[in-house]
2 protein chains.
Amino acid sequence: MANTPPDLNLDKLDLNIIQQLMHDASLSYAEIGKKLFVSAGTIHVRIKKLQEAGVISGMKYQVDLKKLGYDVIAFIGIYLEKSSLYDTVAKDLKKIPEIVRMNYTTGNYSIFVEVVCKDINQLRYILHDELQKIKGIERTETILSLEESLHRTVTVTPA
Amino acid sequence: MANTPPDLNLDKLDLNIIQQLMHDASLSYAEIGKKLFVSAGTIHVRIKKLQEAGVISGMKYQVDLKKLGYDVIAFIGIYLEKSSLYDTVAKDLKKIPEIVRMNYTTGNYSIFVEVVCKDINQLRYILHDELQKIKGIERTETILSLEESLHRTVTVTPA
DNA sequence: ATTGAAAGAGTCTCAGT
DNA sequence: ACTGAGACTCTTTCAAT
């Protein structure tokens with residue numbers, strides 16, 4: 001359960017590169033280098049090192065899911081009959097493709113998930129048909145997002 | 001308040017391209033084209049069209065925040081004194097850089113936010129010092145993530 | 001709308017410092 | 001560990017279909 005070894009000896013340059021790439025992965029090495037006053041080759045070496053260390057992994061396009069008809073974002077808090085059922089329930093939840101995120105949590109809920117789906121009917125289907133079938137869930141509480149007013153990534157630049 | 005015009009006339013090819021790129025933006029046009037049995041030029045034209053329509057926007061690197069020392073993910077449900085205070089409270093919340101996501105919600109809470117920070121001390125600081133200062137917040141409820149067991153994106157491939 | 005080829009830009013490797 | 005230049009690959013444009 002111990003955490004990943006924390007000290008990767010990342011210097012200011014590494015953190016600055018990460019900060020750039022986590023916001024825009026399309027920047028060229030030359031562009032990043034220019035901003036940070038080093039050559040494109042150096043940026044290349046650093047990025048390779050960061051990838052090998054697993055600090056940065058793949059790049060993904062941002063997709064506007066609303067434009068694809070996915071209008072509903074909901075958060076669902078799940079109460080378990082026994083908290084020892086976490087593993088088995090988690091396994092079943094993962095099979096539902098609309099569940100995009102799942103956290104084991106403290107507080108009221110044992111499991112907290114995020115669902116993205118097309119409309120309220122589909123959400124009802126997930127809540128009433130799919131979740132009800134899973135053994136070990138006592139009850140659920142749904143928080144429906146009416147508007148997502150912020151979605152960004154944390155700033156990692158050194159102080 | 002009306003939604004974005006839904007019909008962009010996306011065909012199967014468009015959806016397949018989106019599906020590929022939202023998982024791995026580093027694929028070359030030639031690679032995607034090979035998988036989908038069209039030329040690289042066609043992929044290029046389609047991606048350009050999708051970008052202009054805003055269906056896909058920038059690409060971002062995935063960053064392992066744990067390896068950078070960000071060990072804490074928490075969800076905070078916020079109760080407002082009056083729900084009309086949403087705009088002004090939202091504006092103040094956005095100033096806190098550790099708040100990475102914010103939704104206006106139904107259910108128990110009026111506002112639901114996600115926080116990413118380095119340790120529990122920093123979380124306490126955000127809860128006790130930063131949030132307390134914001135006018136209009138009645139109280140908050142914190143859900144701490146002990147483990148993130150799933151984080152993926154919804155599947156958009158046509159049925 | 002799709003294709004294939006040519007021009008331009010970016011990545012990757014490596015010898016030198 | 002950083003640099004700069006050459007080899008290679010990818011993106012971008014465009015004339016033809």
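Letters A, B, ... mirror the listed sequences (proteins, then strands); counts begin at 1.
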Under 4.0 Å: is that the gap between some side-chain N or O of H44(A) and OP1 or OP2 of dC12(C)?
yes
For E114(B), salt bridge (Lys or Arg N to Asp or Glu O under 4.0 Å) partners two or more places apart:
R101(A)
Can you list, by residue number, the residues of residues 45-62 of chain A that have a non-hydrogen atom closer than 4.0 angstrom to DNA chain C?
K48(A)
Contacts of type salt bridge (Lys or Arg N to Asp or Glu O under 4.0 Å), residue E130(B), not counting sequence neighbours:
none
Under a 4.0 Å heavy-atom cut-off, which of residues 28-36 of chain B touch DNA chain D?
S28(B), Y29(B)
Nucleotide interval of DNA chain D bounded by contacts with chain B (heavy-atom cut-off, under 4.0 Å):
dC10(D) to dT13(D)
Excluding sequence neighbours, so at least two apart, what forms salt bridge (Lys or Arg N to Asp or Glu O under 4.0 Å) with K95(A)?
D92(A)
Can you name the salt bridge (Lys or Arg N to Asp or Glu O under 4.0 Å) partners of D119(A), sequence neighbours left out?
none
Within residues 16-42 of chain A or reaching into it, pairs that qualify as salt bridge (charged side-chain N to carboxylate O under 4.0 Å, His left out) - sequence neighbours excluded
none
By side chain to side chain contact (heavy atoms under 4.5 Å, CB included), which residues pair with E138(A), not counting sequence neighbours?
Y79(A), E81(A)
Pairs satisfying ring-ring contact (aromatic ring centres under 6.0 Å, His included), at least one member in residues 115-145 of chain B, at least two apart
none
Is there a donor-acceptor contact under 3.5 Å linking the side chains of S149(A) and Y86(B)?
yes
For R152(A), which residues count as a side chain to side chain donor-acceptor pair (under 3.5 Å) partner, sequence neighbours excluded?
none
Distance, rounded to the nearest Å, where L13(B) contributes CG and dT2(C) contributes P:
7 Å
Check: residues 40-59 of chain B side-chain donor-acceptor pairs under 3.5 Å, at least two apart:
from   : atom 1 : to     : atom 2 : distance (Å)
T42(B) : OG1    : S39(B) : OG     : 3.2
R46(B) : NH1    : D11(B) : OD1    : 2.9
R46(B) : NH1    : D11(B) : OD2    : 3.1
R46(B) : NH1    : D14(B) : OD1    : 3.0
R46(B) : NH1    : D14(B) : OD2    : 3.2
R46(B) : NH2    : D11(B) : OD2    : 3.1
K49(B) : NZ     : D14(B) : OD1    : 3.4
K49(B) : NZ     : D14(B) : OD2    : 3.1

Does a side-chain N or O of T42(B) approach OP1 or OP2 of dT3(C) to a distance below 4.0 Å, or not?
yes
